[in-house]
Amino acid sequence: MGKNLAEKIISTHLVRGEMRPGAEIGLRIDQTLTQDATGTMAYLEFEAMGIDRVRTEKSVAYIDHNTLQSGFENADDHRYIQSVAARHGIWYSRPGNGICHQVHLERFGAPGKTLIGSDSHTPTAGGLGMLAFGAGGLDVAVAMGGGAYYISMPSVIRVELKGALRPFVTAKDVSLEILRILSVRGGVGHVIEWGGPGVKSLTVPERATITNMGAELGATTSIFPSDEQTLSFLRAQGREQDYTPLQPDPDAEYERVIEIDLSALEPLIACPHMPDRVVPVSSLKGMKVDQVCIGSCTNSSLQDMLKASALLKGRHIADSVSMSVSPGSRQVLTMLADSGALTDLLSSGARLLECACGPCIGMGFSPNSGGVSLRTFNRNFEGRSGTRDAKVYLVSPETAVASALTGSITDPRSLFEENACAEAVSAMKADGFSFRVDDSGILPPAAPQQAEQIEVLRGPNIKEIPMGRPLPESLSLAVSLKVGDNITTDHIMPAGAKILPYRSNVPKLSEFCFGVCDAAFPERAKKLGESVIVGGSNYGQGSSREHAALVPLYLGVRAVIAKSFARIHAANLVNAGILPLTFADPEDYDRVSQGETVVLNDLHEGLEKGRITAFCGEGKDPVPLCCAFSERQRAMLLAGGLLNLTKEENQ
Ligand code: MIC
Ligand code: SF4
């Protein structure tokens, strides 16, 4: 039987397990990336493992999230990451150099290789035919040390593209269309493989926009084949040597095939507060817009920026709109400057922000109270923009520009001539086109002989990592919080300018845990000592931040009982030594209330059998729970987390 793309790459990287859907497999990892908001923790964990030098082909530490530096914390963390990177063989992308996923695509990603990153949008590199996963920091630390990365063998959904995009319908609209079809839960347990005749017309940055938002589907990852488009992108980046062609076998099998006719799509928009609340832009025509943001790892490529500037050229944004542009990398920004496109952007009234995540993670540029913000980003979770009552909509750069110009939601097809941005990007498609390559913002690590002399610099913001405790035979836990479906990591551990600086300071961070849902939670959990959280389905979707596990751990949470979990978050809970348990019957969710005590007995045997029973007070029927863990996961839970297990194993 032929292999699909994921099976091809998995089979050449498999170090443990069998390629049977649902079975746990261990993969050799060629490359890793971290960003600063998760990186400090990942490197502290790497240091705790006592390994001298990374064992990957390439590991890169990016600084792109915490770049405001409104106090000493960010700057100290940057110095820590720079020094720890130089010391242990990791490349360091300096602040201002760009967003990790954009820079990794430009300078390091390669078809056929594996990548894990401590950021959920790491699958962006799937646009280059790479098998790339978002993971918790500890998993990245283990991979840097040469350890395998474990996932459940995914089933593969093929999306067959036919036709070609019409003017003003973009890769972003393809991302939104698949979200409309599958929802934010539809990708769980799956790799999304993009194929079909329509793929040929999509450039690598366009493909990367699509694989980027596979994270919003909950997919394990997303991937495109490697073909002529891949070759011309790599050649234009001066990296032709990294090219290998990669196609699925003609008789490859898929769990499901979804067809999308590119020529039948129209501009789409995701409404507050979930990326799958997708409707046609035209259906919201005329809604007043207060803010427009172009950028983020989804839509900040040179191609996106050139299109936006071509549409803005010679025009002014509406007086009532505040607009920001954050190019994805220094390469993009300098090329905009060289071509004069930057002047067109600025003359239109847009504000230029740093080549960083910025507003996407609430790092500045928050909307006004109750404001409507149109963003080319990938997430519109409640409160994420930094303004709790803001309404964030997700759109393509073309729709963003059209709406900025008119001051209200506008279908770009109704405003511009059909070929209004074709010329702007035609140069990029010409033979001999090359990107401006300048890697001076990426510092190589010290040579092995010199590395030992490097002092790792730690500021006062770096506090100890909380450690789990071995699992006892039974636990009696009060329900410290009960929440509903689709709880995101932005609910559990919010980010934003005020909170992100404390990513290496768990005690301080804990003050903000679940702030969006219930500000009294941290105090209550602390008072209870040990507790359990009850959640609905898709608990922990969104970010890869392991802080959404480490902070509850610090607050005494020993288990989470939910209808279902998002993949990366479930792995982070196990790594931290917190039990992720699922209701055998989702209806039982209604039988457990906040404040009552849940008793979990015979835990060791229950883990073995995959069944644990919860007793919730007198007169109530017991609640059966499922816990299907692999042997490796059971060992972690018994030891109280992966760090404890590693310590035990090394003794
Ligand atoms: C995000 O988009 O939510 C982030 C910020 O990039 C996170 C990582 C983090 O929380 O640091 C992610 O997507 O993993
Ligand atoms: Fe940064 Fe936003 Fe991308 Fe996360 S989604 S990596 S915050 S740009």
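Whatever order the structure lists ligands and atoms in, that order sets their numbers, starting from 1. Counting begins at 1 with the first residue of the sequence.
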Qualifying residue, where the test is side chain to side chain donor-acceptor pair (under 3.5 Å) with Thr298 and the options are Asn212, Asp304, Thr376, Thr124: Asn212

Ser544 and Asp119: side chain donor to acceptor below 3.5 Å: no

Part of Asn378 with heavy atoms under 4.0 Å of ligand 2, whether side chain, backbone, both or neither: side chain

Interfacing atoms of ligand 1 (cut-off 4.0 Å, heavy-atom, Ser544): 12 (C), 14 (O)

Over 12 non-hydrogen atoms of neighbours within 6.0 angstrom of CD in Glu464: no

Donor-acceptor pair between Arg185 and Ser183 side chains, under 3.5 angstrom: no

Distance-only donor-acceptor check, side chains Gln291 and Arg375, under 3.5 Å: yes

Ring pair (Phe, Tyr, Trp, His ring centres under 6.0 Å) between Tyr62 and Tyr92, worked out: CA-CA 6 Å; Tyr62 293 90; Tyr92 175 74; 9.4 Å; no

Nitrogen or oxygen atoms of Thr38 and ligand 1 under 3.5 Å apart: no

Sub-4.0 Å heavy-atom contact, Arg379 with ligand 2: no

Ligand 1 contacted by Arg503 (non-hydrogen, < 4.0 Å): yes

Protein heavy atom at shortest distance from atom 2 (O) of ligand 1: Arg384 NH2, 2.8 Å

Ile361: numbered ligand 1 atoms lying under 4.0 Å from its heavy atoms: 5 (C)

Residue Cys357, metal atom 1 (Fe) of ligand 2, N/O/S under 2.8 Å: yes

Backbone of Ser59 reached by a side-chain donor or acceptor of Thr32 within 3.5 Å: no

Protein heavy-atom partner closest to atom 10 (O) of ligand 1 - residue, atom, separation in Å: Arg545 NE, 2.5 Å

From the candidates Ser120, Ala37, Pro494, the one that places a heavy atom nearest atom 13 (O) of ligand 1: Ser120

Short side-chain to backbone donor-acceptor contact, Thr399 and Val395, under 3.5 Å: no

Closest protein heavy atom to atom 8 (C) of ligand 1, given as residue, atom name and distance to 0.1 Å: Gln35 NE2, 3.0 Å

No-hydrogen, no-angle side-chain donor-acceptor test under 3.5 Å, Ser329 and Gln102: no

Those atoms of ligand 2 less than 4.0 Å from some heavy atom in Cys360: 2 (Fe), 5 (S), 7 (S), 8 (S)

Heavy-atom nearest neighbour in the protein, as seen from atom 7 (C) of ligand 1, with distance rounded to 0.1 Å: Ser543 OG, 3.2 Å

Enumerated ligand 2 atoms positioned under 4.0 Å from heavy atoms of His101: 6 (S)

Sidechain N-carboxylate O distance under 4.0 Å for Asp30, Lys58: no

Contact (N/O only, under 3.5 Å) between Ser118 and ligand 1: no

Asp276 (side chain) donor-acceptor with Val184 (main chain) under 3.5 angstrom: yes

For ligand 2, the portion of Gln35 having any non-hydrogen atom under 4.0 Å away: neither

Single hit among Glu73, Met363, His547 for side chain to side chain contact (heavy atoms under 4.5 Å, CB included) with Leu500: Met363

Per-residue contact class, Asp119 against ligand 2 - non-hydrogen pairs under 4.0 Å: side chain

His491 ring center near Phe514 ring center (under 6.0 Å): no

Those atoms of ligand 2 less than 4.0 Å from some heavy atom in Cys297: 3 (Fe), 5 (S), 6 (S), 8 (S)

Atom 6 (O) of ligand 1 [closest protein heavy-atom partner, distance rounded to 0.1 Å]: Asp119 OD2, 2.7 Å

For atom 4 (Fe) of ligand 2, the protein heavy atom that lies nearest, with its residue and separation: His65 NE2, 3.8 Å

For atom 5 (C) of ligand 1, the option (of Met41, His121, His65) bearing the nearest heavy atom: His65

Close-contact set for ligand 2 against His121 heavy atoms, below 4.0 Å: 5 (S)

is_close_aromatic(His104, Phe108), centroid dist under 6.0 Å: yes

Contact check, Arg379 vs ligand 1, heavy-atom distance below 4.0 Å: yes

